[in-house]
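Below is one structure, written out as structure tokens, with a few remarks after it.
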2 protein chains.
Amino acid sequence: MPAIETMNTAAKRGRPGYDQDSVLTIAVELFNQHGYEATSMGKLADRLGISKSAIYHHVPSKEDLLRLALDEALIPLEAVVQDEHTHQRSADERLELFLRETFRILIAKRPCVTLLLRLRGNTELERTALARRRELDRKLAELVTLAQSEGSLRVDLEPRATARLLFGMINSVVDWYREDGPLNASALEQDAISMVFEGLHAHKK
Amino acid sequence: MPAIETMNTAAKRGRPGYDQDSVLTIAVELFNQHGYEATSMGKLADRLGISKSAIYHHVPSKEDLLRLALDEALIPLEAVVQDEHTHQRSADERLELFLRETFRILIAKRPCVTLLLRLRGNTELERTALARRRELDRKLAELVTLAQSEGSLRVDLEPRATARLLFGMINSVVDWYREDGPLNASALEQDAISMVFEGLHAHKK
DNA sequence: GTCTATAATGCGATAGAC
DNA sequence: GTCTATCGCATTATAGAC
């Protein structure tokens with residue numbers, strides 16, 4: 001029979017009694033509030049209600065907390081490229097799916113995506129994450145170009161600028177969307193998608 | 001005759017020989033690179049090539065640098081509200097002018113606007129600046145509502161969400177526009193404005 | 001307008017006890 | 001899984017010389 005003490009490993013409730021995931025969740029919250037660089041392990045310890053050194057039992061360094069959080073945003077965002085490529089036919093449909101799925105990940109992983117969007121590239125880790133982000137920009141611009149050549153999108157807009165503006169609008173949601181707020185996520189998604197494809201102007205009959 | 005030494009006060013070139021404005025310009029650059037909280041007076045001193053204490057000759061505190069920078073962004077942005085209200089007739093035209101003028105200030109005062117957009121509200125000064133920003137959001141949402149009631153804008157979009165998405169798209173420009181880059185500012189302005197009003201879809205004949 | 005020197009505090013991380 | 005104590009260095013800001 002295994003020793004009864006091994007059950008403690010799985011026990012996540014208690015009082016403090018943190019594991020890596022629960023530490024990470026609070027850490028990301030603080031990183032978003034003060035910026036990664038300005039968030040000290042001391043502030044994080046205070047917020048967790050434990051000592052600084054106790055944090056190092058769960059995670060080897062401050063930078064590892066950042067790495068874990070960025071992967072939690074980037075891995076699903078990168079999976080969108082695979083998804084839309086597999087299922088859809090026209091570039092127009094693929095573009096819409098790309099934007100919708102990005103929006104949904106942004107809502108589902110809002111704290112981690114927020115952290116990603118605020119990186120400045122001051123360390124090698126940050127620069128690597130920013131390079132992965134730029135690759136997503138490139139894929140979106142590629143889809144815009146493709147949809148233009150298929151005739152479903154206006155051709156007078158520069159594809160790379162258009163991709164940046166599209167991501168700019170979608171990504172801005174992390175700055176003001178709140179789960180407990182008055183706005184419904186799927187209605188917001190519909191408004192954003194409809195606005196970029198059809199425009200604000202009322203159609204003339 | 002005034003003493004010849006008084007000329008030094010006006011002389012801005014020399015080697016170091018900084019004045020408040022030149023210190024502020026470099027400070028804002030560093031605030032944007034590392035975040036305000038994470039930018040130390042020591043790093044700023046290193047970047048300026050002078051000692052920490054020399055900075056305090058030009059500015060009374062780190063927070064005053066932030067205050068000066070935020071005013072440089074907020075005062076012209078707030079003036080837009082006056083401008084568009086005075087000159088234009090229809091809410092539709094006023095809305096377009098509001099967005100175009102905001103875009104232009106964003107390009108002209110990019111470093112200071114960038115700093116403003118990244119605030120998290122961790123001090124009283126930051127919270128005051130964020131309240132001034134929210135007032136601009138409110139004015140834009142008001143214009144959207146007005147344009148809807150005049151019949152020039154579709155009425156199926158929620159005005160406050162629409163205002164946030166519009167600002168989100170326009171504001172995102174600070175993250176990727178570069179004065180020395182391949183994109184022309186007025187062409188970019190035209191693309192953004194045309195995209196939000198007419199949409200991405202090619203018009204059916 | 002700049003310097004050196006200094007004060008008091010906070011930083012990321014580690015050692016080792018319980 | 002948490003603690004106290006500690007290391008070596010960075011932090012904002014001030015005092016006072018030149």
Side-chain angles (χ1 to χ4, degrees), chain A residues 3-28 30-31 33-69 122-126, chain B residues 3-28 30-31 33-69 122-126:
Chain A
I4 197 162
E5 286 86 351
T6 59
M7 287 190 60
N8 290 335
T9 315
K12 290 179 182 181
R13 323 264 183 285
R15 269 83 350 151
Y18 291 104
D19 63 359
Q20 197 184 69
D21 257 29
S22 52
V23 168
L24 182 60
T25 301
I26 306 295
V28 171
L30 281 184
F31 290 165
Q33 190 179 346
H34 294 280
Y36 169 72
E37 278 190 71
T39 303
S40 70
M41 296 299 264
K43 281 179 197 162
L44 177 54
D46 287 352
R47 170 67 173 270
L48 290 165
I50 60 178
S51 69
K52 265 194 301 183
S53 59
I55 299 172
Y56 288 92
H57 179 80
H58 302 289
V59 71
S61 73
K62 190 184 166 185
E63 197 179 35
D64 280 275
L65 284 168
L66 181 58
R67 191 195 325 278
L68 290 165
N122 294 316
T123 64
E124 203 49 48
L125 173 62
E126 294 188 21
Chain B
I4 196 162
E5 286 87 350
T6 61
M7 288 190 59
N8 290 335
T9 315
K12 292 180 181 180
R13 323 268 182 282
R15 271 84 348 146
Y18 291 105
D19 62 359
Q20 198 184 69
D21 257 29
S22 52
V23 168
L24 183 59
T25 302
I26 306 295
V28 171
L30 281 184
F31 290 164
Q33 190 180 346
H34 294 281
Y36 168 72
E37 279 190 69
T39 303
S40 71
M41 295 299 262
K43 281 180 196 163
L44 177 55
D46 288 350
R47 170 65 174 270
L48 290 165
I50 60 177
S51 69
K52 267 190 302 182
S53 60
I55 298 172
Y56 289 93
H57 179 81
H58 301 290
V59 70
S61 71
K62 190 183 166 185
E63 196 179 37
D64 280 275
L65 284 168
L66 181 59
R67 190 194 326 278
L68 290 166
N122 294 317
T123 64
E124 204 48 49
L125 174 61
E126 295 188 20

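Since the model is a prediction, treat every value here as computed from it, not as a measurement. Just so it is clear: chains get the letters A, B, ... in the order the sequence lines come, proteins before strands, and each one is counted from 1.
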Between [options], which nucleotide has the shortest distance from any of its atoms to the side chain of [X]?
X: B/Ala54; options: C/dG12, D/dT11, C/dC3; value: C/dC3
X: A/Lys62; options: C/dA13, C/dT4, D/dA13; value: C/dA13
X: A/Ile50; options: C/dG1, C/dC3, D/dC3; value: D/dC3
X: A/Ser40; options: D/dC3, C/dG12, C/dT2; value: C/dG12

Practice task
Please state whether the phosphate of D/dG1, meaning OP1 or OP2, lies under 4.0 angstrom from any side-chain nitrogen or oxygen of A/His57.
Solution key: yes
Practice task
Heavy atoms only: give me the nearest A/Tyr36-A/Lys62 pair and the separation to one decimal.
Solution key: O-NZ, 3.1 Å
Fill in the blank from the handout: Heavy-atom closest pair (B/Val28 atom, B/Ala69 atom, distance to 0.1 Å) is CG2-CB, 3.5 Å
Return the value, rounded to whole Å, for the distance between atom [atom1] of [X] and atom [atom2] of [N].
X: A/Gln20; N: D/dG1; atom1: CD; atom2: C1'; answer: 14 Å
X: B/Tyr56; N: D/dT14; atom1: OH; atom2: P; answer: 7 Å
X: A/Glu63; N: C/dC11; atom1: CD; atom2: C1'; answer: 16 Å
X: A/Leu30; N: C/dG12; atom1: CG; atom2: P; answer: 12 Å
X: A/Leu48; N: D/dC3; atom1: CG; atom2: P; answer: 10 Å
X: B/Asp21; N: C/dG1; atom1: CG; atom2: P; answer: 13 Å
X: B/Ile55; N: D/dT14; atom1: CD1; atom2: C1'; answer: 14 Å
X: B/Asp46; N: D/dT11; atom1: CG; atom2: C1'; answer: 13 Å

Handout entry: Side-chain donor/acceptor contact of B/Lys52 with base of D/dT11 under 3.5 Å
Key = no
Practice task
Classify the side chain of B/Ser53 and the base of C/dT4 as holding, or not holding, a donor-acceptor pair under 3.5 Å.
Solution key: yes
Exercise for the section: Would you confirm whether A/Tyr18, through its side chain, and A/Ile50, through its main-chain N or O, come within 3.5 Å as a donor-acceptor pair? Expected result: no
Handout entry: Separation between CG of B/Leu48 and CD1 of B/Ile55, rounded to the nearest 0.5 Å
Key = 5.5 Å
Exercise for the section: Test A/Glu37 against B/Thr39 for side chain to side chain contact (heavy atoms under 4.5 Å, CB included), laying out the working first. Expected result: CA-CA 9 Å; A/Glu37 278 190 71; B/Thr39 303; over 6 Å; no
